[in-house]
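Single-structure report; data block below.
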Amino acid sequence: MSAPLIALSNVTRCFGHGAAAFQALRGVDLSIGAGEFVAIMGPSGSGKSSLMNILGCLDTPSGGSYRFQGLEVAQLDRDQRALLRRHALGFIFQGFNLLARTSAQENVELPLLYRGEPASRRRLLAREALAAVGLEGWGHHTPAELSGGQQQRVAIARALVTEPSLLLADEPTGNLDTERSREIMALLVALNRDKGLTVVMVTHEADMAEYAHRIVRLVDGRIASDIRTTPSVCSEGAH
Amino acid sequence: MLWNAVLLALREIRRKLMRSFLTILGIVIGVSAVITMVTLGNGATRSISDQISSLGSNLLIVRPGQQLGPGRDSAGAASFRVADADALRSQVSGLAAVVPVSGKSVTLVAMARNWSSSVTGSSADWFATGKWQLASGRIFNEAEERAGAAVCVIGETVRKELFGGFDVVGQQLRVKQFSCEVIGLLASKGQSTMGNDQDDLVVMPLRTLQRRLTGSVDVGSLMISVRDGASIDAAKNEVTWLMRERRHVSPGDNDDFSVMDTRQIAETLSGTTRVLTGLLGAVAAVSLLVGGIGIMNIMLVSVTERTREIGIRLAIGAREGEVLLQFLIEAVALSSLGGVVGIGLASLASIAGAALMKVPYLFDPVINLLSFGFSAAIGVIFGYVPARRAARLDPIEALRHE
């Protein structure tokens, strides 16, 4: 097998100094290959958000090594990490984080704007991405006019429009009801299966984690278990 | 990227129209005040120099004493005599005319109305030298001049105040205690920039004035027009030497009279206007600075409000410089907009003000461009701190911001 997409070795993350210092991550070793669908679980305070921020190159480890596609992220500066996010990563969040009062189409075009794509190509790619998440024809609606599930689909379209190597999902179904959650998870599963998209998802809901092929459990900043499963739920309604 | 940032900035301004308007108000007022002050000042300066150079560039004015303007030191300096004018005429070459001028303030009475005005006593050359035109009638002739005849030519204001709609030629006008016949009416020259009415005057032969009003042979000043093609400086020198000799000024002593050409007079008068313009402009520039602080304040608020948006942009891969540029462009767009509105407002105010002050409206591209550039620069200077704050935000913190 080739080098893994993500390779963490003995990653630590400290916040604060002296007596107030807090160790969010206490030596995490994790390797994720291309095409995997990984769920990161753990109680609050277990360090899963810190891990997610490091994986997303929004933060750098205090110690240890994080290699993304063989590139040592800890040695990159702020702008280099921004470029890495721009070209290789896609994010979806619990709170959707769409630009308010901005149409779905423009939200999806935003990453392409920073990549310097010409306007016509931005429009085309964004329309395709919206169609791929089942929102064909919804492009002119602003987030306020869309349901939570639709907003998350727009966010997924925005994350995927640049064809990233890795999709990071931070509690993607946290703000959605069960029905909507299932639809979103089915969409992620389908993207993983059909396009080989690598997905790393943080969740504290066990039934959402079951959609993944691999469940990593964090406790007190350490990996407590790392289990490969076969998805127990079929991806009905993914088309 | 740059164009998109401009579009984005304009959209952001449109979304918060009221706030944007209030934000740029300081810049608008500053820019329009600076431009209006300078434009009106230029107009006033131009008007003064126009008025004086309308007399022609070949005019010299000789006055007793030194200095020009208020508080001039004529005390102790002897007045001229008609003989001085004659001497100049015969001994200095290259002169077209030497016109002795005296004046006196008097009360005029005609048709049971009275009016305070000033009487000028001079020779017939006075009309041509001062570039006056006649509206009707004639000017006095040589015989009347020599005899000191009781004839006069009046200005438009005097006609309006005393004679109303009547034809003035042939009417009698009482000047203080004697009566004289109006033989001509001068064409109106209008108000001068210094605020005095040029048409408020009565002109009569110098001898008439001396005999009947002042009772002295003094001549207040001498107007000299230099013949076309002759050197003004040479004429000025010759006049100075001759006058020194006639007035017995010892070598080494200062002249007890002054010889000025029209250019010098224009410069002296417009110098005052220019200083005033500069001062007013400087005060207005301070309000531009205040406007800049207003922009900085609002941009700081805007960055705080849009922390989450900034977080999103950073998360999807915006670099520090790109976020900085976005907010900087927004600040510059705001301040430039203020500049443009200010220029528009200044144009209206200047045109209205120029009409009111009766000075020409002179569009000055330099001050307009300069003000616009300055307002844009204010956007850069005062927008930088908020923009840098936005760019330096931690994406994780920013995304968590409510």
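Letters go in sequence order (proteins before strands), and every chain restarts at 1.
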Per-residue contact mode, B:A391 against chain A (heavy atom under 4.5 angstrom): backbone
If you compare all heavy atoms of B:A318 against all heavy atoms of A:A82, which two are closest, and at what distance to 0.1 Å? O-CB, 3.6 Å
Approximate separation, where rounding is to 0.5 Å, of A:L99 CG and B:I316 CD1: 7.0 Å
Would you say CZ of A:F15 has more than 12 non-hydrogen atoms from neighbouring residues, nucleotides or ligands within 6.0 angstrom? yes
Just by distance, which donor-acceptor pairs between chain A and chain B come in under 3.5 Å?
residue	atom	partner	partner atom	Å
A:R78	NE	B:E320	OE1	2.8
A:R78	NH1	B:L393	O	3.2
A:R78	NH2	B:A391	O	2.6
A:R78	NH2	B:L393	O	3.0
A:D79	OD1	B:E320	N	3.1
A:R85	NE	B:L314	O	3.0
A:R85	NE	B:A315	O	3.3
A:R85	NH2	B:L314	O	2.9
A:R86	NE	B:G317	O	2.8
A:R86	NH2	B:G317	O	2.8
A:R86	NH2	B:E322	OE1	2.5
A:R86	NH2	B:E322	OE2	3.1
A:N97	OD1	B:R308	NE	3.0
A:N97	OD1	B:R308	NH2	2.7
A:R101	O	B:R15	NH2	2.3
A:E106	OE1	B:R11	NH2	3.3
A:E106	OE2	B:R11	NH2	2.1
A:Y114	OH	B:R313	NH1	2.9

Salt bridge (charged side-chain N to carboxylate O under 4.0 Å, His left out) filter on A:D177, not counting sequence neighbours, yields A:R180
With a 4.5 angstrom heavy-atom cut-off, which part of A:A100 approaches chain B: side chain, backbone, both or neither? backbone
When every non-hydrogen atom of B:A315 is compared with those of A:L58, the smallest separation belongs to CA-CD2, 4.0 Å
Under 4.5 Å heavy-atom distance to chain A, tell me which part of B:I312 shows up: side chain, backbone, both or neither. side chain
Residue pairs fulfilling ring-ring contact (aromatic ring centres under 6.0 Å, His included) with at least one residue in residues 89-110 of chain A, sequence neighbours excluded: A:F91-A:F93
Counting only non-hydrogen atoms closer than 4.5 Å, does A:L84 touch chain B with its backbone (N, CA, C, O), its side chain (CB onward), both, or neither? neither
Please list all pairs passing the salt bridge (charged side-chain N to carboxylate O under 4.0 Å, His left out) test where one or both residues lie in residues 275-301 of chain B, with sequence neighbours left out. none
